[in-house]
Amino acid sequence: LLFSQSKKAKIFFVTVTTTFFRQNENNYRIWLLQYFLTRVIFTAAVELAINYYKLIFISGPRLSSVVFKKSNLIKVKCQYMKNRFLDAVKGQLIVSCQALPDEPLHSSFIMARMARAAKMAGAAGIRANSVVDIQAIQDETGLPMIGIAKTDYPDSPVFITPTMKEMRAVAATGVEVVACQVTGQPRPHDEKIADIVKQFRAEFPDTLLMADTDIMENALMADELGFDIIGTTMRGYTPASKGLNIADDDFAYLKELLQKVHHPVVAEGKIDTPAKLKRCIELGCHSVVVGGAITRPLEIASRFIDAIK
C-alpha cells in the first residue's frame, strides 16, 4: 500500500495501520509489536507522505478532515468535533505523561497506563510526547490532550515540536492542542515562529496552539502572535531563565504574566507539590500541568535518596 500508485491506498495506509495492533491492549507482546510498527513503519509512512507526496492533514480534535494534494486535490471528510479543550480543563489538573528514550519507563504501553492512572485520579487532560505515545493514550483514556514532539536538531537548541514538520505530525493525531517551544532562540532550519503559526493556522484551523515560554518577553510575543494558550513550561530551562523558578516570591512572575497577556495561561514547570498547584489555580491560571512529580519515579526516588546521602 505504501508504494502503490493509488492515492486512496496511501490514505488508507496512513489512517488504519496503527489501529490493528492496539485492539488487544492487555497483551504486552502485541503492544511491543505495535510499538515497533507505529514507531518505525507508521512514522516513515507519514514522513514519506508529507515530504514526497505533499500529504497535508487538516484536523480538529479527533480529525475533522484529511486533504491529499499532489497534482489534484482529494478531500476525505470525517466527523467533526468542536474543540472543547479549554472548557474541559478549566481549573483542573493536566498530567504530563512522558518518558524519554534513556528513561526506564520509555514505552507507549507504560505511558498509556500511566495516563489511565491519572484519569482514575481525576486528571482532566494529558500532555504527551511523540505520535506513538499520543495515539496509545488517546485509545486508553479518551481525555483531551496537549501533544508535543521532542526532537533535537544540530543547528538549534529548540527541541519541543521545533519545526512545522513535527507540528503537522502531532496535529494529524487529532490532539486538541499542539504545544511548541517559544523561547526566542534560533529555530531549526532558520524557521520563524510567526511563519509557523501562520502556516499551522491555515492547515489546522481547529487545533489550538500552546506556547511553551520561559520569560515575559517571549510570553508576550506568543500572546501577540495569537497562541491560544500561554504556558510557563520552559521557565528555568533556558539560558535566559537559568536559576528561575515559577514559585519564586509567591509566584510573582506568574502574577505579572496573568495581568499582561490576553490568552489563557497554563502553569507548567516545577509545579511539584499539591500546594503549588492549588496556588496557581487561585491566582487565576486556566489550568496546571504537572509531570515529573507524578509520572517520573526515577526523579521522585532520587529526591528521597539525595535526602539521606
Side-chain angles (χ1 to χ4, degrees), residues 28 31-32 35 39 92-130 132-134 136-137 140-141 143 145-153 157-162 179 181 183 185 210 212-215 231-254 266-281 285 287-309:
Y28 189 68
W31 265 87
L32 288 176
Y35 176 84
R39 180 71 74 176
Q92 301 295 319
L93 167 67
I94 299 169
V95 175
S96 180
C97 297
Q98 301 180 44
L100 298 176
D102 60 345
E103 297 180 20
L105 298 189
H106 180 63
S107 159
S108 59
F109 174 81
I110 295 174
M111 288 301 101
R113 293 307 175 90
M114 191 79 76
R116 178 195 282 188
K119 180 180 180 179
M120 291 174 66
I126 302 292
R127 177 171 166 129
N129 170 46
S130 83
V132 65
D133 283 9
I134 290 168
I137 291 170
E140 186 71 43
T141 70
L143 289 175
M145 294 187 66
I146 300 171
I148 64 172
K150 290 183 176 178
T151 309
D152 293 323
Y153 283 89
V158 176
F159 66 95
I160 299 179
T161 332
Q181 187 171 334
T183 51
Q185 298 164 292
M210 176 174 173
D212 289 345
T213 68
D214 56 345
I215 59 175
T232 60
T233 317
M234 296 301 294
R235 188 161 183 81
Y237 297 103
T238 63
S241 63
K242 185 177 180 181
L244 300 178
N245 190 308
I246 192 174
D248 291 342
D249 300 322
D250 188 29
F251 295 90
Y253 172 77
L254 189 58
V266 170
E268 181 176 6
K270 303 181 181 180
I271 310 294
D272 51 11
T273 68
K276 289 181 181 179
L277 181 149
K278 183 179 180 182
R279 184 61 173 148
C280 289
I281 296 296
C285 286
S287 56
V288 179
V289 176
V290 177
I294 296 175
T295 59
R296 282 186 163 157
L298 177 60
E299 292 184 8
I300 297 169
S302 295
R303 292 201 298 270
F304 282 86
I305 297 300
D306 290 342
I308 58 175
K309 281 183 178 180

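The model shown is predicted, which means the values in this text are computed figures rather than measured ones. Computed over heavy atoms, backbone and side chain alike; hydrogens, waters and symmetry mates excluded.
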Minimum heavy-atom separation for [X] to [Y], with atom names?
| X | Y | result |
| --- | --- | --- |
| A124 | L143 | O-CD2, 4.0 Å |
| S287 | I281 | CA-CD1, 4.0 Å |
| I300 | A293 | CD1-O, 3.4 Å |
| A267 | C280 | CB-SG, 3.8 Å |
| M145 | A128 | CE-CB, 3.5 Å |
| I134 | G147 | CD1-CA, 3.7 Å |

Salt bridge (Lys or Arg N to Asp or Glu O under 4.0 Å) partners of [X], counting only residues at least two apart:
| X | result |
| --- | --- |
| R127 | D212, E268 |
| K119 | none |
| D306 | K309 |

If we only count heavy atoms from C-beta on, is the Q181 to P157 side-chain gap below 4.5 Å? no
Which pairs pass salt bridge (charged side-chain N to carboxylate O under 4.0 Å, His left out) with one or both residues in residues 237-249, sequence neighbours excluded? none
Dump the intermediate steps for side-chain contact (heavy atoms from CB on, under 4.5 Å) on I160 and T183, then the final yes or no. CA-CA 10 Å; I160 299 179; T183 51; over 6 Å; no
Measuring from [X]:[atom1] to [Y]:[atom2], what's the distance to the nearest 0.5 Å?
| X | Y | atom1 | atom2 | result |
| --- | --- | --- | --- | --- |
| I271 | T232 | CD1 | OG1 | 6.0 Å |
| I137 | Q98 | CD1 | CD | 9.0 Å |
| C97 | N129 | SG | CG | 11.5 Å |
| M234 | I246 | CE | CD1 | 13.0 Å |
| N245 | D272 | CG | CG | 7.5 Å |

Side-chain (T141) to main-chain (R116) donor-acceptor, under 3.5 angstrom: no
Quick one: does T213's side chain have a donor or acceptor within less than 3.5 Å of a partner on G231's backbone? yes
Give me each pair satisfying side-chain hydrogen bond (donor to acceptor under 3.5 Å, both in side chains) with a member in residues 289-299, each pair once, sequence neighbours excluded. E103-R296
Could you go through K276 and V290, starting from their C-alpha distance and side-chain angles, then the distance that decides it, and tell me whether this counts as side-chain contact (heavy atoms from CB on, under 4.5 Å)? CA-CA 10 Å; K276 289 181 181 179; V290 177; over 6 Å; no
Would you check, one step at a time, whether the test side-chain contact (heavy atoms from CB on, under 4.5 Å) holds for M111 with L105? CA-CA 8 Å; M111 288 301 101; L105 298 189; 4.0 Å; yes
When you look at V289 and T233, which way does the side-chain contact (heavy atoms from CB on, under 4.5 Å) test go after all the steps? CA-CA 9 Å; V289 176; T233 317; over 6 Å; no
R235 to Y253, cation-pi by 6.0 Å centre distance and 45° axis angle: yes
Listed partners of F159 passing ring-ring contact (aromatic ring centres under 6.0 Å, His included), at least two apart: none
